**Q** 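This is the structure, below, for whatever I ask next.
Being a predicted model, the structure only gives us computed values, none of them experimental.
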Amino acid sequence: MKKISMIIALLAILNTCSCGKKIEDVNPPAPPVEEETSETTDKKTLNVATILKELTQVERQIINKMDCDVNIKFYPGGDNSDPFELLNLDIISGEDIDVVYTGADDFTQFIKRGYLTDLYPLMEQSETLKKDDFLPNVLAGLEVDGKLPAICDNWILYTAVAKTENVGENMENWTPEQAFNAFYNMPDGMENFLNYAWMEYDIPNYLIKRVAVDAVDYKNNTCDFGGAFKDMLESINNLPAFQPYDPVGNDNLIKNRSLVSDVDLFGINASLTQQTYAWFGGADVTFIGYPSETGKGYITDAFSMLGILETSSEKQEGYEFIELMLNDKSINKGMIFSMPVTEKNLNDQLKESKYNSMSVHCPQNLPDGNEQIEITEEAIEQAVEYLRNVEFEPYTSEEVERIVLEEYHKFLSGEITPQKCVDNLNNRISIYLSETE
């Protein structure tokens, strides 16, 4: 373009000279600014809709690395507005939206409504975020009918651990039968089944947590709260009356006053070292999880996901945005503060120096004093193997969880029988699932 502008200007000058006019009488050619303005006009714009948060200044600077402009539209919640419904209304009305960045519960609805494009073709063309870059079980959990409608940038793993010497070997992801056997046959001197069970609902809530998840089939939009769930209700009915306890100190797990400890793993980081090693004084532990007949003693939860709308005209730019959100440490705090999504993410967490207070290698204080303890490589390998074998389940519903808790606590308070609880749940959740198809 610059060469063409120069030629046009030169021809104009020559033409003027040949007509006998003075050069200063001729209008000068348009300055190069017009060409730059034209280029700016042609620059693409990527429209990103988010319910989660307004992006920080640092995140905006990272987004500026993209070759296109990025327009962020934030949908805040309010007393009289549902951000998901506002976003859904904009999508239905044809609002120019390319990328959606919001919670997993919202993505469950987007997928059912067919809003999202398959990311696998875009992934195949990418040089920086390909299929082999992801943890296989995480990617498998995100798939729906062989397609990839979404990618999560962080997730959390809920499970439970116990000293191996107290529960025996081969107890990983234990069954309800194994859990109740352990409950009724705790070692001599052990007072508490669940560490820090302050309220009468704490132990029942631990026991029911996974069987309630297993009762709902989100892929087929069905539920069945008979079977394992009803059996668990009957067993809970027979539990002895809850006796609150006043622990002597924080070292119940070390001193064998408590058997089971709930853990919320926010990554292969200090939370792992503290909850599965320091709290047990460095003893060998087993990931017993929550009682389950399916062999899945854990619960997974994705806080946020990214996807590209099928109607987007900027799918390539949308995937570049997703690459940035997952690969750039400055923007993806999940590289340290959540379970890893990619192999690189996992390796970065494992390589963090012990001088980083969030690192898995950072020594943690024992609960009974100021002495510090550093996790062993064997314990880290055990946790990584457990992580790799988790069946990632991101597409669940908070509304289903709310209904389960509501009916379940009616049962716990004695308002309804186990059978009535099962009937209510099958009825209410079946209706909800059918309405969201």
**Q** Does A270 offer a backbone N or O that forms a donor-acceptor pair with the side chain of Q274 under 3.5 Å?
**A** no
**Q** What about the rings of F392 and W155, do their centers lie closer together than 6.0 Å?
**A** yes
**Q** I would like to know whether S397 and Y432 meet side-chain contact (heavy atoms from CB on, under 4.5 Å); could you show each step before the answer?
**A** CA-CA 10 Å; S397 169; Y432 172 80; 3.1 Å; yes
**Q** Ignoring hydrogens and angles, state whether a donor on the side chain of N192 or S258 is under 3.5 Å from an acceptor on the partner side chain.
**A**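 Yes - a donor-acceptor pair under 3.5 Å links their side chains.
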**Q** Between R210 and E393 (salt bridge meaning N to carboxylate O under 4.0 Å), is one present in this structure?
**A**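 Result for this pair is yes, salt bridge flagged.
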**Q** Of T311, N88, V100, which is the lone residue that meets side chain to side chain contact (heavy atoms under 4.5 Å, CB included) with Y115?
**A** N88
**Q** Do NZ/NE/NH1/NH2 and the carboxylate oxygens of E415 and K420 come within less than 4.0 Å?
**A** no
**Q** Is the backbone of T222 close enough, under 3.5 Å, to the side chain of D217 for a donor and an acceptor to pair up by distance?
**A** no
**Q** State yes or no: are the ring centers of F84 and F110 separated by less than 6.0 Å?
**A** yes
**Q** Hey, does the side chain of H409 reach the backbone of Y201 with a donor-acceptor pair shorter than 3.5 angstrom?
**A**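 Such a contact is absent between H409 side chain and Y201 backbone.
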**Q** Can you check whether I375's main-chain N or O pairs, donor with acceptor, with T273's side chain at less than 3.5 Å?
**A** no
**Q** Could you tell me whether Y206 and Y290 have their ring centroids closer than 6.0 angstrom?
**A**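 Ring-ring flag for Y206/Y290: true, centres closer than 6.0 Å.
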**Q** Strictly below 4.0 Å, N to O, side chains only: are K73 and D90 in salt-bridge contact?
**A**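 Yes, K73 and D90 are salt-bridged.
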**Q** Is it true that a side-chain atom of T286 and a backbone atom of I288 form a donor plus acceptor pair closer than 3.5 Å?
**A**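 Judged by distance alone, no pair lies under 3.5 Å.
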**Q** Look at the rings of F287 and Y386 and say which category their plane angle falls in: under 30° parallel, 30 to 60° tilted, over 60° perpendicular.
**A**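 Rings of F287 and Y386: parallel, as their planes differ by under 30°.
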**Q** Would you say NZ of K130 has more than 12 non-hydrogen atoms from neighbouring residues, nucleotides or ligands within 6.0 angstrom?
**A** yes
**Q** With a 6.0 Å cut-off (strictly less than), is the heavy-atom count around NZ of K410, excluding the residue itself, greater than 12?
**A** yes
**Q** Pair E385, R388 - check salt bridge (Lys or Arg N to Asp or Glu O under 4.0 Å), show working.
**A** CA-CA 5 Å; E385 182 181 5; R388 287 187 178 279; over 6 Å; no
**Q** Check R402 with E398, please: is the shortest side-chain N to carboxylate O separation under 4.0 Å?
**A**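 Salt bridge flag = no for R402 with E398.
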**Q** In terms of relative ring orientation, are F193 and W174 parallel, tilted or perpendicular, with 30° and 60° separating the classes?
**A**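 Correct class here is parallel.
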**Q** S359 side chain to S353 main-chain N or O, any donor-acceptor pair under 3.5 Å?
**A**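 Checking the backbone N and O of S353 against the side chain of S359, a donor-acceptor pair under 3.5 Å is found.
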**Q** Looking at L148, is its backbone amide N or carbonyl O close enough to the side chain of D118 to form a donor-acceptor pair, meaning the two atoms are under 3.5 Å apart?
**A**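 Yes, because the side chain of D118 sits within donor-acceptor range (under 3.5 Å) of the backbone of L148.
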**Q** Are the side chain of S126 and the backbone of L122 linked by a donor-acceptor contact shorter than 3.5 Å?
**A** no
**Q** Looking at Y120, is K131 sitting on its ring face, NZ or CZ under 6.0 Å from the six-membered ring centre and within 45 degrees of the normal?
**A** yes
**Q** With I236, which of I203, I208, N205 fulfils side chain to side chain contact (heavy atoms under 4.5 Å, CB included)?
**A** I208
**Q** Between N347 and E343 (side chain of the first, backbone of the second, donor and acceptor by atom type, cut-off under 3.5 Å), is there such a pair?
**A**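 Yes; at least one donor-acceptor contact below 3.5 Å.
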**Q** Would you say the ring centroid of Y196 lies under 6.0 angstrom from that of W198?
**A**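 Under 6.0 Å, so yes.
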**Q** Is the backbone N or O of C362 less than 3.5 Å from a side-chain atom of Y355, with the two atoms forming a donor-acceptor pair by type?
**A**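 Pair absent, no side-chain N/O of Y355 close to backbone of C362.
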**Q** Between D153 and S304, does any side-chain donor sit less than 3.5 Å from a side-chain acceptor?
**A** yes
**Q** Using a 6.0 Å cut-off, check whether atom CG of N365 has over 12 heavy atoms from anything other than its own residue.
**A**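 Buried by this count: over 12 neighbours within 6.0 Å.
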